[in-house]
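To start, the structure under review is shown below, and the notes come after it.
Sequence lines set the chain letters: A, B, ... in the order given, protein chains first and strands last, and positions in each chain run from 1.
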Number of protein chains: 2
Amino acid sequence: MSLPHAILTALMEKPSSGLELTRRFDKSIGYFWSSTHQQIYRELGRLEEAGLIRALPSEVPVRGQKKEYEVLPDGSAELARWVDESQDPKPVRDALLLRIRAAAVVGPQGLGSELRRHLELHRAQLATYEAIEAKDFPAGRDADADRLRRLVLRGGIALEGFWLSWLEEALAEVEALSGDGA
Amino acid sequence: MSLPHAILTALMEKPSSGLELTRRFDKSIGYFWSSTHQQIYRELGRLEEAGLIRALPSEVPVRGQKKEYEVLPDGSAELARWVDESQDPKPVRDALLLRIRAAAVVGPQGLGSELRRHLELHRAQLATYEAIEAKDFPAGRDADADRLRRLVLRGGIALEGFWLSWLEEALAEVEALSGDGA
DNA sequence: GTCTTCATGTAACGTGTTACATGATTGA
DNA sequence: TCAATCATGTAACACGTTACATGAAGAC
């Protein structure tokens with residue numbers, strides 16, 4: 001269960017409203033903990049209820065009015081506690097691998113074009129990450145926080161690298177099948 | 001979703017009871033589509049209801065009695081249809097990456113030992129995969145089905161390879177932090 | 001005024017997880 | 001006969017997804 005901690009992290013980096021959070025998830029935190037605005041609003045409500053964050057005063061809290069949240073000391077403490085928790089890696093659950101395994105029993109059909117499509121998507125994602133690295137981590141920034149954030153980004157980059165090289169192998173394999181699969 | 005298709009695939013490879021399926025998920029299909037026995041029983045019920053599989057007759061279907069299922073033609077057709085479906089890769093959702101990003105704002109605490117622990121787990125998983133490769137895919141088997149299943153396994157191996165190399169980088173980085181993180 | 005976009009939600013549902021329940025079979 | 005193990009489930013709940021609803025602000 002990590003969505004609340006993803007939100008706490010984002011809010012500590014910068015107090016935000018629900019929609020701002022949603023956007024930031026779309027182009028940063030969401031790269032390794034994806035979420036939708038519905039989940040975010042639900043979780044913001046719970047975090048506020050639990051006293052870990054609060055809505056900044058000033059504006060009247062009406063529907064349709066922007067509401068900014070900031071992390072309270074209890075929230076920061078909870079995040080520190082969670083960072084120190086130990087948790088086993090979650091078993092893989094990947095539909096593409098499953099499809100190929102299924103293709104072994106019912107035939108590869110149009111698997112080739114699906115592999116090509118995924119290749120393109122992963123290439124694009126890699127390009128996105130590399131653009132972020134160039135923009136946010138120019139040489140020379142080496143405060144601890146920057147080093148850690150960059151480490152996470154490099155995780156994303158290496159993961160896309162894995163996909164690209166495996167997908168290329170897979171595509172070659174599928175196209176070489178007896179009956180031709182594409 | 002894909003659990004029903006994972007089950008159909010497993011049942012086409014070999015008709016099984018719920019518990020046998022659970023065991024096979026634990027040491028094969030589950031490596032890329034994990035599941036628990038509760039989910040499997042629930043889904044077997046639905047698949048039977050939908051007419052995609054059926055319980056082999058013979059035994060009285062009492063609680064506590066083994067019940068074997070086999071795939072019906074409709075099930076096989078549904079699996080073939082699904083294999084040909086196109087589906088975007090699911091966005092990453094990884095707690096360890098999130099923890100590191102959170103550590104950038106609240107400090108790395110005992111992150112070093114957690115990274116070491118994950119390293120060991122991934123090394124073990126890689127060893128498991130390599131043992132399976134040596135045992136199930138000795139040189140020379142090259143029927144289409146075998147090639148595809150081996151391809152999936154090599155995906156698992158490459159994925160563990162990604163984790164190992166990134167975790168080593170991460171560990172070096174975390175241990176080099178100003179305040180020392182382990 | 002109306003349309004679009006910003007912004008915050010509600011509702012319904014499906015999947016996944018955790019804890020527990022029940023019956024059959026086997027060995028001490 | 002007792003305990004352990006095999007085998008099949010039920011129940012409750014948390015999390016994630018999809019579709020829709022509502023209000024405010026600015027553009028035209």
Side-chain angles (χ1 to χ4, degrees), chain A residues 1-8 10-11 15-26 29-30 32-50 53-56 58-69 82 87-95 98, chain B residues 1-8 10-11 15-26 29-30 32-50 53-56 58-69 82 87-95 98:
Chain A
M1 216 252 295
S2 308
L3 176 58
H5 304 99
I7 291 177
L8 286 172
L11 286 181
S16 309
S17 67
L19 193 63
E20 281 164 9
L21 273 178
T22 301
R23 293 200 206 296
R24 286 171 57 204
F25 266 74
D26 282 345
I29 300 245
F32 43 90
W33 200 273
S34 64
S35 185
T36 61
H37 84 271
Q38 293 89 339
Q39 265 188 290
I40 288 171
Y41 282 116
R42 179 162 65 187
E43 205 58 45
L44 283 171
R46 288 176 189 166
L47 287 167
E48 187 175 24
E49 175 97 12
I53 63 174
R54 65 160 188 169
L56 293 181
S58 69
E59 318 294 341
V60 253
V62 202
R63 189 172 186 137
Q65 280 295 20
K66 204 163 122 172
K67 204 160 57 169
E68 290 236 312
Y69 291 92
W82 178 81
Q87 185 179 357
D88 285 353
K90 231 189 67 180
V92 176
R93 210 172 247 181
D94 185 88
L98 181 57
Chain B
M1 273 319 266
S2 307
L3 177 58
H5 304 99
I7 291 177
L8 286 172
L11 286 181
S16 308
S17 67
L19 193 63
E20 281 164 8
L21 272 179
T22 301
R23 295 201 204 296
R24 287 171 56 205
F25 267 74
D26 282 346
I29 300 244
F32 43 89
W33 201 274
S34 65
S35 185
T36 61
H37 84 271
Q38 291 91 337
Q39 265 186 291
I40 288 171
Y41 282 115
R42 180 163 63 186
E43 204 60 45
L44 282 171
R46 290 176 189 167
L47 287 167
E48 188 176 22
E49 176 96 13
I53 63 174
R54 64 160 189 170
L56 292 179
S58 69
E59 317 295 339
V60 253
V62 202
R63 187 171 186 137
Q65 281 295 22
K66 202 162 123 172
K67 205 160 57 168
E68 290 235 313
Y69 291 93
W82 178 82
Q87 185 178 359
D88 285 352
K90 232 189 68 179
V92 176
R93 211 173 245 180
D94 185 88
L98 181 58

Base C:dG14 paired with B:Arg42 side chain (donor-acceptor, <3.5 Å):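 Result: no qualifying N/O pair found.
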
Could you give the [atom1]-to-[atom2] distance, from [X] to [N], as a whole number of Å?
X	N	atom1	atom2	answer
B:Leu21	D:dG9	CG	C1'	15 Å
A:Leu3	D:dA14	CG	C1'	12 Å
B:Tyr41	C:dT17	OH	C1'	17 Å
B:Asp26	D:dC6	CG	P	13 Å
A:Arg46	D:dC13	CZ	C1'	11 Å
A:Lys90	C:dT15	NZ	P	15 Å
A:Leu56	C:dT8	CG	P	12 Å
B:Glu68	D:dA7	CD	C1'	12 Å

Counting N and O atoms only, with roles assigned by atom type, does the side chain of [X] sit under 3.5 Å from a partner on the main chain of [Y], one being a donor and the other an acceptor?
X	Y	value
B:Ser34	B:Gly30	no
B:Arg93	A:Trp33	no
B:Glu43	B:Ile40	no

Of A:Leu47, A:Ile7, A:Leu44, the residue whose pairing with A:Tyr69 passes side chain to side chain contact (heavy atoms under 4.5 Å, CB included): A:Leu44

B:Gln39, B:Gln38, B:His37 screened by side chain to side chain contact (heavy atoms under 4.5 Å, CB included) with B:Ser35, the one that passes: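 For B:Ser35, the side chain to side chain contact (heavy atoms under 4.5 Å, CB included) test succeeds with only one of B:Gln39, B:Gln38, B:His37, which is B:Gln39.
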
Ignoring the backbone of [X], work out which of [options] is nearest its side chain.
X	options	answer
B:Ser17	C:dT15, D:dT8, C:dG16	D:dT8
A:Thr36	C:dT17, D:dT18, C:dG9	D:dT18
B:Leu19	C:dT10, C:dG16, D:dC6	D:dC6
A:Lys67	D:dG9, C:dG16, C:dG9	C:dG9

Phosphate-side-chain proximity, B:Arg93 and C:dG16, N/O vs OP1/OP2 below 4.0 Å: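 It does not, given that no N or O in the side chain of B:Arg93 lies less than 4.0 Å from OP1 or OP2 of C:dG16.
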
Any B:Arg23 side-chain nitrogen or oxygen under 4.0 Å from OP1 or OP2 of D:dA7: yes

End axis versus end axis in the helix from C:dG1-D:dC28 to C:dA28-D:dT1, the angle rounded to 10°, five pairs used at each terminus: 0°

Nearest-nucleotide 5' precedence on DNA chain C, B:Glu43 against B:His37: B:Glu43

Worked verdict on B:Leu98 versus A:Trp82 for side chain to side chain contact (heavy atoms under 4.5 Å, CB included): CA-CA 11 Å; B:Leu98 181 58; A:Trp82 178 81; 3.8 Å; yes

Contacts of type salt bridge (Lys or Arg N to Asp or Glu O under 4.0 Å), residue B:Glu48, not counting sequence neighbours: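 B:Glu48 satisfies salt bridge (Lys or Arg N to Asp or Glu O under 4.0 Å) with no residue once adjacent residues are dropped.
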
Residue mapping more 5' on DNA chain D - nearest nucleotide basis, B:Glu20 or A:Gln38: B:Glu20

